Undergrad: 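Here it is: the structure, laid out below.
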Number of protein chains: 2
Amino acid sequence: MDEQPRISDAEWEIMKVIWAKSPATAADVIHTLRDNKTWKDNTIKTLLSRLLQKGILTYEQVNRLYYYSPVLTEEECKRQERQSFLQRVYGGALKPMLVHFLKEEKLSSQEIDELKKILSEKEK
Amino acid sequence: MDEQPRISDAEWEIMKVIWAKSPATAADVIHTLRDNKTWKDNTIKTLLSRLLQKGILTYEQVNRLYYYSPVLTEEECKRQERQSFLQRVYGGALKPMLVHFLKEEKLSSQEIDELKKILSEKEK
DNA sequence: AATTAATGATTACAATTGTAATCTATAAAA
DNA sequence: TTTTATAGATTACAATTGTAATCATTAATT
């Protein structure tokens, strides 16, 4: 029904933290990202606000503090991103996309076996 | 070295036409897209101009007319999109991403066999 | 020759995005 | 109690994007 606004690149970084640690405060997110990102604290707070506005996050307030939680699961959001990527770049053609990934990227023998098993499962 | 500016969603639509039909004129692109897209002609011309500015297209001029061609191959651009998608959504983790695609999407038995064959090739 | 059509260039304009700084209200510390 | 630190709200601002309309130049028609 009401379709999810898009999650931007920067917002994805925030969401990954939230999915991993929710309910999380702004300070939690800031702390978690301090090592990988050069963002100022305010930048992270802005992104949190936008995610709230977009309805991608909710919060529970305890005294002055917000505890943020995701509205949708990571799996659901990833699914949407997969779809939009597949559509945009490959016009929805799944197999060619998979072939490209399989051919170009490195996979261990064990990973290859796992993937083959999944394919075999599917075939039945 | 000099990194490619991003190709936006709308621009991808244009590029697909160019890759398929280059060298192509604006009129060619407009014609090709007329059925699938509701864009005004000017919209397409704007997108072509932007792709030129970004250095994603070049052109050859014959009289008053521009014949547009891609600077990079479709494969190269797709590769970049795959990387950025993989990084953004899966933090670069290839196998989980493949597992999601394989589990969630429909594939014919024949496609499954092809994919398995590619995997087997890789394993050696 | 005057008019019209077509092509590319220029301009427009709001929404989104990246990246913050400043403001405000409260809680904690001195 | 006065000062300070903190959390969230508000404001900022340029770049990108979607989506065109208008302008200028030349080519084609009448």
Side-chain angles (χ1 to χ4, degrees), chain A residues 3-18 23-34 36-69 77 80-81 84-85 87-89, chain B residues 3-18 23-34 36-69 77 80-81 84-85 87-89:
Chain A
E3 56 190 65
Q4 180 91 3
R6 273 190 57 70
I7 300 173
S8 78
D9 290 14
E11 288 163 357
W12 263 94
E13 298 296 319
I14 306 295
M15 289 306 294
K16 283 179 193 163
V17 176
I18 300 283
T25 65
D28 291 339
V29 178
I30 289 167
H31 251 90
T32 304
L33 290 177
R34 191 172 304 277
N36 337 31
K37 283 286 165 184
T38 61
W39 287 334
K40 296 288 159 65
D41 295 4
N42 279 331
T43 300
I44 292 174
K45 292 199 228 164
T46 298
L47 292 170
L48 285 168
S49 297
R50 286 185 184 163
L51 286 163
L52 278 184
Q53 280 175 213
K54 289 186 177 183
I56 291 167
L57 290 181
T58 29
Y59 65 95
E60 230 181 292
Q61 188 168 354
V62 176
N63 304 323
R64 293 280 85 238
L65 208 55
Y66 285 13
Y67 287 86
Y68 297 93
S69 296
C77 291
Q80 283 179 30
E81 288 294 326
S84 96
F85 161 73
Q87 193 57 49
R88 183 164 54 96
V89 178
Chain B
E3 55 192 64
Q4 181 89 8
R6 274 191 54 71
I7 300 173
S8 77
D9 290 15
E11 287 164 357
W12 264 95
E13 298 297 318
I14 306 296
M15 288 307 293
K16 283 180 192 163
V17 177
I18 300 283
T25 65
D28 292 338
V29 178
I30 288 166
H31 252 90
T32 305
L33 290 176
R34 190 172 306 278
N36 336 31
K37 283 286 164 183
T38 62
W39 286 333
K40 296 289 160 64
D41 294 5
N42 279 331
T43 300
I44 292 174
K45 292 200 228 163
T46 297
L47 292 170
L48 286 168
S49 297
R50 287 185 183 164
L51 286 164
L52 278 185
Q53 281 176 211
K54 289 185 178 184
I56 292 167
L57 289 180
T58 27
Y59 66 95
E60 230 181 293
Q61 188 166 354
V62 177
N63 303 323
R64 292 282 85 238
L65 208 55
Y66 284 15
Y67 287 85
Y68 297 93
S69 296
C77 291
Q80 284 179 29
E81 288 294 327
S84 97
F85 161 72
Q87 192 57 49
R88 183 165 53 95
V89 178

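Nothing here was measured: the structure is a model prediction, and the numbers come from that model. Below, chains carry the letters A, B, ... as their sequence lines are ordered, and counting in each starts from 1.
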Undergrad: In whole angstrom, give the distance that lies between atom CD of A/Glu13 and atom P of C/dT19.
TA: 11 Å

Undergrad: Expressed in angstrom and rounded to an integer, what is the separation of A/Tyr68 atom OH from D/dA7 atom P?
TA: 10 Å

Undergrad: Check residues 42-54 of chain B and write down every donor-acceptor pair under 3.5 Å in which the side-chain atom is one partner and the other belongs to a residue at least two apart or another chain.
TA:
| unit_1 | atom_1 | unit_2 | atom_2 | d |
| --- | --- | --- | --- | --- |
| B/Thr46 | OG1 | B/Asn42 | O | 3.0 |
| B/Ser49 | OG | B/Lys45 | O | 3.1 |
| B/Lys54 | NZ | B/Arg6 | O | 2.8 |
| B/Lys54 | NZ | B/Glu11 | OE1 | 2.9 |
| B/Lys54 | NZ | B/Glu11 | OE2 | 3.1 |

Undergrad: Can you list everything that forms a side-chain contact (heavy atoms from CB on, under 4.5 Å) with B/Gln80? Sequence neighbours excluded, please.
TA: B/Gln4, B/Leu72, B/Glu76

Undergrad: A/Lys45 near the nucleic acid: base, sugar-phosphate alone, or nothing, with a heavy-atom cut-off under 4.0 Å?
TA: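 Touches a base.
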
Undergrad: Who passes side-chain contact (heavy atoms from CB on, under 4.5 Å) against B/Gln61, sequence neighbours left out?
TA: B/Tyr59, B/Arg64, B/Tyr66

Undergrad: Could you identify which residues of residues 56-64 of chain B place a heavy atom less than 4.0 Å from some atom of DNA chain C, listed by residue number, or say none?
TA: B/Arg64

Undergrad: Restricting both atoms to N or O, compile the protein contacts to nucleotides 15-18 of chain D shorter than 3.5 Å, with distance only.
TA:
| unit_1 | atom_1 | unit_2 | atom_2 | d |
| --- | --- | --- | --- | --- |
| D/dT17 | OP2 | B/Lys54 | NZ | 2.5 |
| D/dG18 | OP1 | B/Asp9 | N | 3.3 |
| D/dG18 | OP1 | B/Ala10 | N | 3.0 |
| D/dG18 | OP2 | B/Ser8 | OG | 2.4 |
| D/dG18 | N7 | B/Arg50 | NH1 | 2.8 |
| D/dG18 | N7 | B/Arg50 | NH2 | 3.4 |
| D/dG18 | O6 | B/Arg50 | NH2 | 2.9 |

Undergrad: Going by heavy atoms in the side chains, are A/Leu33 and A/Ile14 under 4.5 Å from each other?
TA: yes

Undergrad: Provide the closest heavy-atom pair for B/Ile56 versus B/Pro5 in the form atom of the first, atom of the second, distance.
TA: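 Reported closest heavy-atom pair: CD1-O, 3.8 Å.
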
Undergrad: Could you tell me the separation between the CD atom of A/Gln53 and the P atom of D/dA9, rounded to a whole number of Å?
TA: 10 Å

Undergrad: Under 3.5 Å, which N/O atoms of the protein pair with N/O atoms of nucleotides 28-30 of chain C?
TA:
none

Undergrad: Going by the rule side chain to side chain donor-acceptor pair (under 3.5 Å), which residues pair with B/Arg88 if we only count those two or more places apart in sequence or in a different chain?
TA: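 B/Arg88: side chain to side chain donor-acceptor pair (under 3.5 Å) contacts with A/Asp9, A/Glu81.
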
Undergrad: With sequence neighbours left out, which residue pairs that include part of residues 38-57 of chain B fulfil the ring pair (Phe, Tyr, Trp, His ring centres under 6.0 Å) condition?
TA: none

Undergrad: Categorize B/Leu65 for me: base, sugar-phosphate, or nothing, with a 4.0 angstrom heavy-atom threshold over every strand shown.
TA: sugar-phosphate

